[in-house]
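This structure is in C-alpha cells; I'll ask about it shortly.
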Amino acid sequence: MTETAAPGRVLPHPDRAEIRLETVLHALSDPVRLRIVRELSTAADELSCSRFDLPVTKSTSTHHFRVLRESGVIRQCYRGTAKMSGLRRDDLDDLFPGLLDALLAAAKGQHARLGDDA
C-alpha cells in the first residue's frame, strides 16, 4: 500500500495493482458509499469529508470513507485539518473499463426511478 498524507497524518491506500474487483464492488454495494461516489464523480476537484450531508453519524461516515479508501475507490489526503477525498477514476477505468460509468449510470437511473438517496 502507498501512503499519501501530510507528515504525521498518513492514510494507507492500495497501489493500483492491489485493487481487486470484488473489493470495489463490495465498497460500492452500500447506498451511503455509492452516494459518496456519485457526488465525487460530479465534482471538479477533491471534496472535504465535511461537505457531504450523509444520513449517518460522524463515526459511521468515517467508516464509509475508510472502506472506500481501503478498497481503492477514493484517495484521501489531509490539507490542514480537512480530510480531502477524490475519486480514483483513472485507476478504476484502467483496471475495470466501463465499470464505474455503468455503476454510476445505474445508480442515477435507480435514483430517478425510486427517488432514494443512493
Side-chain angles (χ1 to χ4, degrees):
M1 287 194 161
T2 59
E3 297 178 358
T4 304
R9 300 186 88 177
V10 177
L11 297 168
H13 297 83
D15 290 325
R16 179 186 287 203
E18 297 173 317
I19 298 172
R20 299 184 52 94
L21 178 61
E22 59 272 21
T23 307
V24 169
L25 291 174
H26 169 73
L28 296 174
S29 69
D30 182 89
V32 172
R33 293 192 291 264
L34 187 55
R35 180 175 172 174
I36 292 167
V37 170
R38 284 184 63 206
E39 191 163 340
L40 286 172
S41 74
T42 62
D45 202 1
E46 297 171 330
L47 298 176
S48 168
C49 291
S50 63
R51 175 153 181 320
F52 293 85
D53 183 25
L54 301 174
V56 294
T57 64
K58 185 176 179 185
S59 63
T60 301
S61 175
T62 298
H63 165 76
H64 286 305
F65 278 100
R66 182 174 44 86
V67 169
L68 289 168
R69 177 175 42 81
E70 290 178 352
S71 69
V73 174
I74 66 171
R75 183 167 303 280
Q76 291 185 303
C77 65
Y78 282 99
R79 290 215 183 97
T81 59
K83 190 186 294 183
M84 305 300 290
S85 299
L87 189 59
R88 291 181 66 174
R89 180 178 279 281
D90 290 344
D91 289 337
L92 295 172
D93 286 347
D94 285 348
L95 291 168
F96 316 112
L99 177 66
L100 188 58
D101 288 335
L103 287 170
L104 291 168
K108 182 178 180 180
Q110 176 175 285
H111 179 71
R113 183 171 46 89
L114 301 176
D116 63 1
D117 283 332

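Computed over heavy atoms, backbone and side chain alike; hydrogens, waters and symmetry mates excluded. For this chain, numbers begin at 1 and follow the sequence in order.
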Worksheet item: What are the two closest non-hydrogen atoms of Val56 and Ser61, and how far apart are they?
Response: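 Closest pair (atom of Val56, atom of Ser61, distance): CG2-N, 3.8 Å.
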Just wondering, do Pro14 and Arg88 contact through their side chains at under 4.5 Å, heavy atoms?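 Contact flag for Arg88/Pro14 side chains = yes.
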If you look at every heavy atom in Arg35 and Pro55, which pair is closest and at what distance?
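Closest pair (atom of Arg35, atom of Pro55, distance): NH1-CD, 3.2 Å.
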**Q.** Closest heavy-atom pair and its distance - Phe96, Arg20
**A.**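 Closest approach of Phe96 to Arg20, heavy atoms only: CZ-C, 3.9 Å.
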With rounding to the nearest 0.5 angstrom, report the CG to CZ distance, Leu40 to Arg51.
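The CZ atom of Arg51 is 9.5 Å from CG of Leu40, to the nearest 0.5 Å.
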(request) Only one of Leu99, Ile74, Val73 passes side-chain contact (heavy atoms from CB on, under 4.5 Å) with Leu92; say which it is. (result)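 In the set Leu99, Ile74, Val73, the residue that makes a side-chain contact (heavy atoms from CB on, under 4.5 Å) with Leu92 is Val73.
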| said: Test of understanding: clusters of I, L, V, M, F, W, Y form through side-chain heavy atoms closer than 4.5 Å, transitively. Do Leu68 and Met84 belong to the same one? | reply: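 Hydrophobic grouping puts Leu68 apart from Met84.
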Would a distance-only check, ignoring hydrogens and angles, find a side-chain to backbone donor-acceptor pair under 3.5 Å from Asp15 to Ala17?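 It does not hold such a pair.
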request  = Starting at CD of Glu46, measure out to SG of Cys77 and round the result to the nearest 0.5 Å.
outcome  =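 With rounding to 0.5 Å, CD (Glu46) is 4.5 Å from SG (Cys77).
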- State plainly whether one hydrophobic cluster holds both Val67 and Val37, where clusters connect Ile, Leu, Val, Met, Phe, Trp and Tyr through side-chain heavy atoms under 4.5 angstrom apart.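 Val67 and Val37: separate clusters.
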Q: Please examine the side chains of Arg38 and Leu104, heavy atoms only from C-beta on, and report whether any two atoms are closer than 4.5 Å.
A: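 Of all side-chain heavy-atom pairs linking Arg38 with Leu104, at least one is under 4.5 Å.
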With a cut-off of 6.0 Å (strictly less than), are more than 12 heavy atoms of other residues, nucleotides or ligands near CZ of Arg16?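 It does: Arg16 CZ has more than 12 such atoms within range.
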Notebook entry, point to check: Hey, what do you get for CD1 (Ile36) to SG (Cys49), rounding to the nearest 0.5 Å?
Noted result: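 Reported value, rounded in 0.5 Å steps: 8.0 Å.
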**Prompt:** Which pairs with one or both residues in residues 47-69 pass ring pair (Phe, Tyr, Trp, His ring centres under 6.0 Å), sequence neighbours excluded?
**Reply:**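 Checked against ring pair (Phe, Tyr, Trp, His ring centres under 6.0 Å) - neighbours excluded - the pairs reaching residues 47-69 are Phe52-Phe65.
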To the nearest 0.5 Å, what is the distance between CD on Glu39 and CG on Leu47?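 So the CD of Glu39 and the CG of Leu47 are separated by 6.0 Å.
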Q.
Please report the interatomic distance CD1(Ile19) to NE2(His13), rounded to the nearest 0.5 Å.
A.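 It comes to 10.0 Å.
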Q) What residues form a salt bridge (charged side-chain N to carboxylate O under 4.0 Å, His left out) with Asp101, not counting sequence neighbours? A)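 Result, salt bridge (charged side-chain N to carboxylate O under 4.0 Å, His left out) vs Asp101: Arg89.
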message: Within this structure, what is the CZ-CG distance for the pair Arg66 and Leu11, rounded to the nearest 0.5 Å?
response: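 It comes to 11.5 Å.
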- Query: Is the closest side-chain heavy-atom distance between Pro12 and Arg69 below 4.5 Å?
  - Reply: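 Pro12 vs Arg69: side chains touch.
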Is there a side-chain contact between Leu87 and Leu100 (heavy atoms, below 4.5 Å)?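 Contact flag for Leu87/Leu100 side chains = yes.
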